[in-house]
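Here is the structure we will look at.
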Amino acid sequence: MNERARSAVIGVFVGLAPLLLLDLARVLQEAIRTDPGSTSVWWPVACYVGVGAVAAFGVAASRGDRLVPSVAIVILLLAALPTVAARPAGWLPGVPLVTTSLAAQAVAFTLVGAYVYALVRGPRS
């Protein structure tokens with residue numbers, strides 16, 4: 001696979017996987033709230049740990065190429081901006097993966113900050 005295409009695919013993964021894991025954690029927490037015996041309370045925790053692991057992978061992968069955090073930042077902002085401001089980001093489609101809950105927004109924008117740091121830092125050793 002082409003090196004740039006591989007970097008773009010990794011960027012899509014590190015941008016989209018945390019959003020999917022956050023949505024899964026939300027669904028699991030809702031299932032626990034409605035029926036406490038339906039699933040273990042540790043599954044949402046595992047989802048949050050997975051979000052952290054994907055973020056660490058994304059920051060580590062950015063040491064090889066700046067395209068990885070660039071693509072991840074775009075994906076995260078496209079998903080998270082419509083949940084905060086209706087006027088400046090009104091033209092963006094509302095992706096239901098980032099809900100209007102403050103926790104999901106905080107995690108999404110924290111990941112944007114981590115990837116911005118990785119982008120600015122670049123491939124230095």
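Side chains included, hydrogens not; waters and symmetry mates left out as well; all remaining heavy atoms used. Values in this document were obtained by computation on a predicted structure and should not be read as measured data.
Taking hydrophobic clusters as Ile, Leu, Val, Met, Phe, Trp and Tyr residues chained together by side-chain heavy-atom distances below 4.5 Å, V116 shares a cluster with F109. Linking Ile, Leu, Val, Met, Phe, Trp and Tyr residues whenever their side-chain heavy atoms come within less than 4.5 Å leaves L67 and V9 in two separate clusters. A continuous path of hydrophobic side-chain contacts links I32 to V45 [ILVMFWY only; heavy atoms under 4.5 Å].
Pairing each heavy atom of P18 with each of L111, the nearest pair is CB-CD1, 3.4 Å. A pairwise comparison of heavy atoms in C47 and A25 identifies CB-CB, 3.7 Å as the closest pair. Of all heavy-atom pairs between V107 and L22, the closest is CG1-CD1, 3.6 Å. The two residues D35 and S38 have their closest heavy-atom pair at O-OG, 2.7 Å. Across every non-hydrogen atom of A114 and V59, the tightest pair is O-CG2, 4.1 Å. Closest approach of V54 and A17 over heavy atoms only: CG1-CB, 4.1 Å.
The distance from atom CG of L78 to atom CG of L19, rounded to the nearest 0.5 Å, is 10.5 Å. How far CZ of F13 is from CG of L20: 9.5 Å, rounded to the nearest 0.5 Å. Atom OG of S62 sits about 8.0 Å away from atom CG of L119, to the nearest 0.5 Å.
Within the structure, the side chain to side chain donor-acceptor pair (under 3.5 Å) test picks out the following pairs touching residues 6-20 (sequence neighbours left out): E3-R6, S7-D65.
When hydrophobic side chains of Ile, Leu, Val, Met, Phe, Trp and Tyr are connected at separations under 4.5 Å, L28 ends up clustered with L24, W43.
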Show your working on side chain to side chain contact (heavy atoms under 4.5 Å, CB included) between F57 and I10 and close with a plain yes or no. CA-CA 10 Å; F57 174 77; I10 291 173; 3.9 Å; yes
Output, in order, the C-alpha distance, side-chain angles, deciding distance and verdict of side chain to side chain contact (heavy atoms under 4.5 Å, CB included) for R26 and D23. CA-CA 5 Å; R26 182 188 55 80; D23 190 51; 2.6 Å; yes
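Among V14, V71, V120, the one residue that satisfies the side-chain contact (heavy atoms from CB on, under 4.5 Å) test with Y115 is V14.
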